[in-house]
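These numbers were taken from a predicted model, which means no experiment stands behind them.
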Amino acid sequence: MLVNSKEIILKELLDRHMPKLHMKCTCRVCKNDVLALSLNRAEPAYVTDKKKVAYAKAEIVDKQKNTALLVILAESAAMRKSFKHLDVTLLPALKRHIHQIHILSSLFR
Ligand SMILES: [Zn+2]
C-alpha cells in the first residue's frame with residue numbers, strides 16, 4: 001500500500017488554517033481544488049504504510065517546513081480560477097515570515 005503522506009499532512013494543514021486563507025467558499029469542491037493544486041506543487045513523500053505517516057508528520061512539526069507548506073496552500077488558494085472569491089492578503093506576510101526564518105537560521109548556524 002502506498003500513501004503520499006503529504007496528502008494527509010496538507011489536508012490537515014488546510015483544515016487547521018482555512019480561516020487564514022480567507023477562502024470565501026469552503027465547500028468540498030473548492031477545498032479539493034486547493035488541495036490538488038498544492039499537492040501538484042509539493043514534493044510527494046510516499047510511505048508504504050499509513051502508520052508511517054506519523055513519522056512524516058513529526059518532521060512537519062519543524063516550523064520552517066510547516067511554513068513552506070502553508071505558503072504552497074496560500075498560493076494554491078490564490079491560483080484558483082474563481083479569483084474574486086479569494087483573498088490572498090495572507091501571502092506577503094507568509095513570505096516575510098519565511099524570509100525571517102532564513103535570516104534567523106543563518107545567524108545560529
Ligand atoms: Zn466552493
Side-chain angles (χ1 to χ4, degrees):
M1 178 197 183
L2 283 174
V3 187
N4 181 1
S5 60
K6 283 278 169 69
E7 188 178 331
I8 292 160
I9 290 163
L10 276 168
K11 218 177 270 177
E12 280 192 13
L13 281 176
L14 181 59
D15 280 335
R16 206 181 310 155
H17 296 281
M18 200 133 65
K20 281 187 251 164
L21 297 175
H22 300 290
M23 289 168 61
K24 291 265 156 59
C25 182
T26 53
C27 75
R28 200 172 49 87
V29 176
C30 289
K31 263 178 76 173
N32 274 343
D33 270 355
V34 172
L35 207 54
L37 281 168
S38 302
L39 279 166
N40 285 337
R41 302 178 65 210
E43 208 178 315
Y46 282 97
V47 290
T48 50
D49 186 327
K50 257 200 164 147
K51 282 176 227 149
K52 289 181 186 156
V53 172
Y55 294 106
K57 265 192 209 163
E59 213 192 321
I60 297 298
V61 173
D62 173 351
K63 271 263 160 61
Q64 194 166 338
K65 281 183 184 149
N66 195 324
T67 308
L69 287 178
L70 280 174
V71 169
I72 289 177
L73 279 175
E75 283 180 347
S76 300
M79 271 165 64
R80 276 195 72 249
K81 288 241 166 68
S82 50
F83 242 64
K84 58 186 176 204
H85 293 291
L86 297 162
D87 181 350
V88 293
T89 49
L90 177 70
L91 210 50
L94 272 176
K95 284 207 165 137
R96 243 190 338 267
H97 183 54
I98 259 202
H99 187 61
Q100 281 165 356
I101 288 173
H102 282 158
I103 291 169
L104 278 174
S105 59
S106 67
L107 284 176
F108 292 106
R109 205 164 280 151

CZ of Arg16 to CG of Asn66: how many Å apart, nearest 0.5 Å? 7.0 Å

If you link ILVMFWY side chains whenever their heavy atoms are less than 4.5 Å apart, which other residues fall into the same cluster as Tyr46? By chain and number, please. Leu2

Any side-chain heavy atom of Leu73 sitting closer than 4.5 Å to one from His17? no

For residues Val3 and Leu13: do they belong to one hydrophobic cluster (side chain heavy atoms under 4.5 Å, members Ile, Leu, Val, Met, Phe, Trp, Tyr)? no

Assigning hydrophobic clusters by single linkage (Ile, Leu, Val, Met, Phe, Trp, Tyr; side-chain heavy-atom cutoff under 4.5 Å), is Leu69 placed with Val53? no

Applying the side-chain contact (heavy atoms from CB on, under 4.5 Å) test to Leu14, which of Thr26, Asn32, Leu35 qualifies? Leu35

Taking atom CE of Met23 and atom SG of Cys30, what is their separation to the nearest 0.5 Å? 5.5 Å

Side-chain polar contacts of residues 4-12 - donor-acceptor pairs under 3.5 angstrom, sequence neighbours left out - could you list them?
| residue | atom | partner | partner atom | Å |
| --- | --- | --- | --- | --- |
| Asn4 | OD1 | Lys6 | N | 3.1 |
| Asn4 | OD1 | Ala45 | N | 3.0 |
| Ser5 | OG | Ala45 | O | 2.7 |
| Lys6 | NZ | Glu43 | O | 2.6 |
| Glu12 | OE2 | Lys57 | NZ | 2.9 |

Point-to-point distance, once rounded to the nearest 0.5 Å, from NZ of Lys31 to CE of Met18: 4.5 Å

Who are the salt bridge (charged side-chain N to carboxylate O under 4.0 Å, His left out) partners of Asp49, not counting sequence neighbours? none

